[in-house]
Amino acid sequence: MKQLLLSAALTALAASPALANKVFVSNERGNTVTVIDSETWEVLEEFDAGNRPRGITIAPDGSELYVCASDDDLVRVFDPETYEELHTLPSGPDPELFVIHPSGNPLYIANEDDNLVTVVDTETHEVLAEVPVGVEPEGMGISPNTQYVVNTSETTNMAHFINTETYEIEHNLLVDQRPRYAQYTADGTRLFVSSEIGGTVSVMDIAEDGTPTLVEKIEFEVPGVLPEWLQPVGVKVTEDGSRIFVALGPANRVAVIDGESLEVLDYIIVGQRVWQLAFTPDERYLITTNGNSNDITVIDVEAEEAIQTVQVGQQPWGVVVAPD
Amino acid sequence: MLKFNALLAAVTGMVVCAGPAAAVDVKAAVLRIDYDTLLPISRYEYPAEDLGFAGAALADQDNGTTGQFMGHTFETETVAVAPDGADSALADLLEGGTRLIVVMAEAEDLLRLTDAAEAEGALVFNALAQDTALRGDQCRGNLLHTAPSNAMMADAVMQFAVWKKWTDLFLVAGSNPEDEALAEEYRRAATKFGAEIVEERTFEDTGGARRTDSGHVLVQRQLPVFMQDAEDHDVVIAADASDVFAEYLPYHLWTPRPVMGSGGLVPRTIHGAHEAWGATQFQNRFEELANRYPRDADYDVWLALRVVGEAVSRTGSADPQQIRDYALSDAFELGAFKGQPLTFRTWNGQMRQPILLYDGAITVSVSPQEGFLHQRSPLDSMGLDQPESACTAFN
């Protein structure tokens, strides 16, 4: 209650009041989720979230928080207000990352140990489909028109394009070693796939019918940092497509890329082993999880600068911000 | 030719594969020679019956999963033979049309088999023999090594010692020729990285019973006496390829010092506790398949067959010459749970890979160590660099 009053007071004082949103960070080793206020950057709560929580997302209306409890072989669903566990969803073994349909249903889950993508109905809690994919499925992205779900498989080194109507794979595209994350632009004309060990981000043009064509591979170079340490993982693109942010793992940097020219403009130094990224809904801030320094870095998106570090639980992995 | 293949590979990599491409059925084999050896000092090190074969089974599974999207199938035959049955076993494989063969054998047998395979245009992978000479003047153009060399292993250990500034070394070597060869690797590595061997002793292999019930009593009394009155040293380096004494050294020294090399902190390509860089998934898959932890040979066989899988995925061909050329090209790289892509040295066919330093429970460190730079790749600070290798078969 005190917290509420305080944040209300702060909001009233601010010149251009931004809504405070809750930031949820999954802590892979700590088995918890840390909740942070996006205005004060104070930790509000840390609650138990099952064994080895990694992928984390939230319903588009903010009503349910979903956490891949990898070692429990299920998805835990929490109330984002009370942090009570509401129920669990079947996920198949070792769920790692997932993506939610923009309507809030269903959830598409990568099962890392079983070479499957499991599709789960978030209302009936039933498994709708299991789609066999490559070895060690990880990255999950959904096209804005919801026609395709893209899964990346880390040892097969492909992006698999799954038709969301038929659950058939319609395209397989080879990328560089250990693809980690798939992110469409908001207009759906481009897809970015990061390759952790290959050290590149593959850029694909997406045709009207959803067919991908590999057009370029973005490479990274930082003076004084061994090329082997530049390992792209999390990727986020601004709504207008002008900037692409790429987390570079043990290089402890986030690359800033021009959406037009695909040139790397800058590298922002963040915490250690930077993994996943999330924007606040107004895109004012970008939040990074830093697995080895047990903290998150807050980046001012417009200034392209790190402005704050917040200590969270043990080995932060994923991050999601509640909608307005 | 090499350039052409690299280009072809790059182009292939760009192609969108909608549905099955041209079907390729890949036939490979693992040929393992089982030698008569003494049981290891530690029960944990007992040889597994499916040593190497389990790595092959996992590779087939991994390659097959990828292959289903491209119309490629992978089938690896596994053959275990006594030393005198190796030649006919190889002849049978070649007769049956297999041209991709992973061999687990000692150097002399490996070379004989490799030459026999060469006559039939087959590509051989060495997943066991660590003799450095196989990457030097004894190299073969149709032989790629996924097993690291003793030189790589010794360099991995020595870099860690030097990084720790433990540069005064007490080298203890066994009395068999292979122990002496390993000791020579440590002498060379010490010179290479600026450490000094201040004391050197030979532990005689008298062939006695090592694992009697009272063994530890004798060890506890005898080893410290053997190790006393040495020059001041920072660390003990054990060169015991015959597995006679090194495992006993920690805690049985005269002067309390860390032990590295064949005992104490040992170099490995994999161990059951390695979990960094996504290796947990490899461990899970392997354990589910084999009901045990992976050994170096399992990982090195898996690597060899993953090289094949990766080459087939990217080039669409199972031709041994094409696979070899692609593996040696700039386009080739393999993710293998080591935090960086693995590639091959084009001058001797040795796969570059980080080496885990393992204390029996966890990964203590991974070499190459920070600060050991190389103009090509830090991995080339370990093992035979281009100017040091006498290999000419790849020119």
Side-chain angles (χ1 to χ4, degrees), chain A residues 28 52 70-71 93-94 96 111-116 132-138 153-161 168-180 195-200 202 204-205 207 211-217 226-231 233 249-250 273 292, chain B residues 9-21 58-59 61-71 276-285 287-288 302 306 309-310 313-316 331-343 352 354 368 370-374 377-379:
Chain A
E28 181 181 3
R52 206 175 177 205
S70 297
D71 284 356
D94 198 18
E96 178 162 6
N111 299 121
E112 199 172 27
D113 272 356
D114 244 34
N115 307 340
L116 288 176
V133 291
V135 184
E136 291 172 37
E138 163 119 4
S153 48
E154 292 174 325
T155 288
T156 289
N157 303 315
M158 281 182 187
H160 308 283
F161 291 72
E168 297 283 326
I169 296 179
E170 290 191 2
H171 309 283
N172 295 295
L173 203 106
L174 277 168
V175 293
D176 286 342
Q177 300 290 305
R178 218 166 165 74
R180 276 282 188 178
S195 289
E196 182 187 10
I197 295 298
T200 59
S202 294
M204 298 168 201
D205 276 347
T211 304
T213 312
L214 189 60
V215 290
E216 188 161 335
K217 285 179 183 171
L226 287 176
E228 291 81 4
W229 290 64
L230 298 164
Q231 302 179 352
V233 185
R273 201 199 80 158
N292 285 355
Chain B
V11 170
T12 313
M14 292 271 190
V15 168
V16 176
C17 331
L58 182 62
Q61 217 176 67
D62 288 352
N63 287 338
T65 303
T66 301
Q68 69 185 334
F69 301 108
M70 313 191 74
W277 302 305
T280 309
Q281 284 118 249
F282 175 85
Q283 305 280 3
N284 288 346
R285 289 208 301 283
E287 281 160 33
E288 194 173 324
W302 178 85
R306 283 288 298 127
E310 192 59 26
S313 289
R314 305 280 170 173
T315 66
F332 175 81
E333 55 180 28
L334 184 66
F337 315 101
K338 290 285 179 81
Q340 55 179 295
L342 307 193
T343 54
R352 299 179 175 96
E370 212 180 329
F372 290 90
L373 300 175
H374 189 280
S377 151
L379 291 174

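A, B, ... follow the sequence lines: proteins, then strands. Residue 1 opens every chain.
A distance of 7.5 Å separates CD in B/Glu288 from CG in A/Asp113, rounded to the nearest 0.5 Å. The distance from the CZ atom of B/Phe69 to the NE2 atom of A/His171 is 14.0 Å, given to the nearest 0.5 Å. Taking CZ of B/Arg285 as the start and CG of A/Asn115 as the end, the distance is 7.0 Å to the nearest 0.5 Å. Considering CG of A/Asn157 and CZ of B/Arg314, their distance stands at 5.5 Å, rounded to 0.5 Å.
Within the 4.5 Å cutoff, no side-chain heavy atoms of A/Glu228 are placed close to those of B/Leu379. The side-chain heavy atoms of B/Met70 and A/Asn172, taken from C-beta on, include no pair separated by under 4.5 Å.
A pairwise comparison of heavy atoms in A/Ile197 and B/Gly335 identifies CG2-CA, 4.1 Å as the closest pair. Residue A/Val133 comes nearest to B/Gln68 through the heavy atom pair O-NE2, 3.8 Å, listed as atom of the first residue, atom of the second, then distance.
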Please output the side-chain donor-acceptor pairs of residues 276-283 of chain B that fall under 3.5 Å, not counting sequence neighbours, one pair per line with the distance.
from     : atom 1 : to       : atom 2 : distance (Å)
B/Thr280 : OG1    : B/Glu275 : O      : 3.4
B/Gln281 : NE2    : A/Glu112 : OE2    : 2.4
B/Gln281 : NE2    : A/Glu136 : OE1    : 2.9
B/Gln281 : NE2    : A/Glu154 : OE1    : 3.0
B/Gln283 : NE2    : B/His271 : O      : 2.8
B/Gln283 : NE2    : B/His274 : O      : 2.9

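Heavy atoms of A/Gln231 lying under 4.5 Å from chain B belong exclusively to its side chain. Neither the backbone nor the side chain of B/Glu370 comes within less than 4.5 Å of any heavy atom of chain A.
Ranked by heavy-atom pairs under 4.5 Å with chain A, the list B/Thr66, B/Asp62, B/Leu373, B/Leu334 is led by B/Thr66.
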